[in-house]
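The chains referred to below are lettered A, B, ... by the order of the sequence lines, with proteins before strands, and numbering in each begins at 1. Values below: all heavy atoms of this structure, side chains included; hydrogens, waters and symmetry mates excluded. Remember, predicted model here, so these are calculated numbers, not experimental data.
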Amino acid sequence: MSRYILSRLVLAVVMALLATLVIFLLANTVPGDPVLAQLGDLAASNKEFVAEWRAKWGLDLPLWQRYVIFLQQLLHGDLGISISSQRPVLQDIRDFAPATLELASIAFLLSLVVGIPLGIMAAMRRDSWIDHLARLISLIGVSSPTFWLAFIMLALFYGGLQIAPGPGRIDAIALPPTSVTGLYLIDSALGGDWDTFRDAAAHLVLPSIVLAAATLGLITRTTRASMLESMQQDYVRVARAKGIRERRIVIGHILPNALIPVVTLGGLAYANLLTGAVLTETIFSWPGLGRYTFRSAVTLDFPAIMGITLIVAVVYLFINLLIDISYALLDPRVVR
Amino acid sequence: MADTRSRLSSVRTPATTGTAVLDVRDLRTQFFTDAGIVRAVDGVTFSVAAGETLGIVGESGSGKSVTALSLMRLLDEPARIVGGEVRFQGRDVLAMNPDELRALRGDGVAMVFQDPMTSLNPVLRIARQLVETMRAHGRFSDEQATARAISLLGRMGITAPERAINSYPHQFSGGMRQRVMLAMGFSNEPALLIADEPTTALDVTIQAQILDLIVELNRDFGAAIILISHALGVIANVCRRVIVMYAGEVVEEGPTEQVLADPRHPYTWALINAVPRIDRHLPGTRRLTTIEGAPPDPLGIPSGCRFAPRCPFRIAKCDEHPALLDLAPGRKARCWVTQSGEPLPPPMAAQTATAVSTAVPKPSETAIAEPLLKVRGLVKHFPLPRDGLFGPKKVVRAVGGVDLDVIEGETVGVVGESGCGKSTFARLVVRIHEPTAGSIRFAGQEIADASAAVIRPLRRRMQMVFQDPYASLNPRMTVGDILSEPIRFHGLTESARETAERVEELLAAVGLNPKMAIRYPHEFSGGQRQRISIARALALKPEFIIADEPISSLDVNIQAQIINLLIDLQERFRLTYLFIAHDLAVVRHISDRIAVFYLGKVMEIAPAEDLFKASLHPYTRYLISAVPIPDADAERSRARLPLAGEPPSAIDPPSGCCFRTRCPIAKPICAEVTPPLAMLRSDHLAACHFPGQF
């Protein structure tokens, strides 16, 4: 087991290194000159100034040298200075990440807590009303576009019914809780500030539902299909022939097998939520990584783009590692 | 004879219902399908006395498995039990509520299923699966149940049960898993164990071990046993009494030895005679006795005797549906013909006069010529994925140096248990697989390392028939397309019309209606599909056909039909066969010479008769001894050699002789020196340091 984990870990490190290379090459070979994007017309026409500017940012060095510097800096936790914010990229990311982490985690929990039981019940009572409901929910979840769903939700619950708060993490006039983790729910709970906790929680409702919709649909559908497949297996009939209670058969025999594919899907979906909330964050004015990504992209802020891409790669690799390990725990056939 | 009589009197007849542990009356189970109602079990009546062993035999679709599942009400929709009575120890099983039923299952009645590979939950430890069976019925505490599970595993012949119990199912072989299933079955000391084809998925030596175990368990635990099987030999091994099922009905019932020696239903008669036997001399003709046709369409069962359309003894009265009538105490048959008490004639007399002259050139006549196929030192290693990033490189030594000649016109059988490399060998010969080392000469030409361009013209001359007639025919092509594709590819015909004629010819040659060329494979039965596979192999007019387990997925009567077809085709087209199978009786029947494979190596090669009469290698003797014979007397009179254990892994085979780890006469030299395959008698080769000494 430990050897299995070790080999997965080494593989993840190798992949991370490869990711840095790809990221570096992509950022340095895409068309689009940061000079033109960053400097005004007047400054860009001044050759001396441009050369000086290039030298300042190291853009005049050969490619491999820049890669070595890039790696060295990475090892020191230095992702460079954002061209547009003029602050260290790592610090920018540290500021923007908690909002995304909070939103994505709530959305992920929501899709698990609703999706898995719904999928299980749908499979157990096949073709009943609950099965039809589950299929409807997953169909809507998977097929409605995020921006559309977000606008509908905002228009209905905020604009129309006025039972949900508007965009943002917290009321515009309220003060954010004292930052410990950057996660408002945890920070406010730690500080005993329950008004802020309620406010932050209320603000999470709509964006997390919107963000969860597609994942919820996928998880419901996968759980249902995987349950149905497991229920057909010979060992279920054997368990029945042994006189095991039906509840025990579902919990003890069918579920452990049925959840194996759900773990893979769930893990990848979480990584996707963490890194792909651009639309939802933009619509809900959520100060998260998605918006930072968007802003960096339109200004061709290469250090920021590279930093974000690297973070995304690391998140995926880390979650993949977790999937591999939980796979080994769930399915004894994985580790020989 | 005195022995036989005393045994006969000990057979309990259904009349003694007072001691019956199970009493089934007029059981009817139907499948409510979209196409209509399938009467899978149609009025089945039998009973099982306490401690008795009852066999249920029949081909696929006869309703035997559905009967077994109905007894415990384990069937899912669309199957429903629509009538009859199942009484277990006097209690009405069909009237039980879910809780009563649950209390009965696994406690009073236990069941062992066909496929041990899928019967155990892959993510749960053996311990948990055994303990939960006992805990579910509240007989034992957790500690008691664990202790009992360990002792049961030991009783089932699993070594180091304390350690084994903490394993997961995938760490066990099929045979070991079936032992675990048996331990599970006996864990609550049931009064009745139902075993549905428990050895069908296992190799013959492992099958012998499991059958022996079932007999012992019946004796020691006193549980009655219902053994369901398609193989009469298996039933003869275990069961005192047998019922034969056909098209959802019981057609014959009686003490096993009497039914096998003197069948009173033509279907039983056909079942017995369709199977070649390893203990009988080959008859003059190699054709097996077969019956025509296939079982009736379950949606359109004939109103009269259900077997009548295929019955060679049919009389006018057979239009009327016969009842299961008493013939003698304990013997019943559902047949108008035998009702008078007359036995059925022996097979030869009834066989239609189609005995073809056996003009097959025997190997001795042509032995001087260069063999059509000459294999020397053939090796195939399959690389394994590394165990993690730093794991050592490993290979499966599937074929580990095989020498084999096949002479024109002969049939060479290759036998061995699963994993012995026989299928890999076949695929190497036709170069589906790339050999790792060695030489393959076909018709004088080296093909082991020849390029695809060199092999292509030779492919015409050697063709392969695969095991699975369902997977080996493209479901989206018509039979005509399937057969004409190779003809067109090799440009054998001038025009489309000529191709079509050739397709019709091929279909006729394999006994199918030429008009069927426009149909798709799914419209055919398994036996017909295998005929199509054979027709495809014949399409290029080859000289050499490699058949890899061509009959093992078929029912016995269909098997016999295909064997007869292969024999006929050989005579007609002067074919040479390499016939790969695990069924020794079939291989013996069809082959001139037989090669015995073990762990990728040839243990022995000899003429068929010679091999069975005077085998020189200990493994061959074990293998022959493990084959169950469908004759209760023969089963008892011969000494069964129990081959313990299972073949070692082909990843890390033993040094020297690869059989030495299981060989009773192994000496130190066997571990050091690999015995060469040496000619010990005329045409009889064996790879053993001590040939014939076992």
Between [Y] and [X], is there a side-chain heavy-atom distance shorter than 4.5 Å?
X: A/Val312; Y: A/Leu274; answer: no
X: A/Leu17; Y: A/Leu21; answer: no
X: B/Leu130; Y: B/Arg148; answer: no

Which atoms of [X] are under 4.5 Å from chain A, going by heavy atoms: the side chain, the backbone, both sets, or neither?
X: B/Arg128; result: side chain
X: B/Ile194; result: neither
X: B/Met181; result: side chain
X: B/Gln114; result: neither

Exceeds 12 heavy-atom contacts within 6.0 angstrom, atom CD of A/Glu229 |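 Atom CD in A/Glu229 is not packed in, count stays at 12 or less.
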Taking only Lys NZ, Arg NE, NH1 and NH2, and the carboxylate oxygens of Asp or Glu, determine whether A/Arg224 and A/Asp131 approach each other closer than 4.0 Å.
-> yes
Options A/Ile244, A/Asp331, A/Val236, ranked by heavy-atom pairs under 4.5 Å with chain B, top entry =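 That would be A/Ile244.
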Best-contacting candidate, [options], against chain A by heavy atom pairs under 4.5 angstrom:
options: B/Asn188, B/Thr118, B/Leu74, B/Asn121; answer: B/Asn121
options: B/Ala110, B/Pro122, B/Pro190, B/Ala103; answer: B/Pro122
options: B/Gly185, B/Ser187, B/Pro169, B/Gly106; answer: B/Gly106

Would you kindly check if the NZ (Lys) or CZ (Arg) of B/Arg80 is within the cone defined by 45 degrees around the ring axis of B/Phe31 and under 6.0 Å from the six-membered ring centre?
->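 Output no; distance or angle outside limits.
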Side chain, backbone, both or neither: which part of A/Arg248 has an atom under 4.5 Å from a heavy atom of chain B?
-> side chain
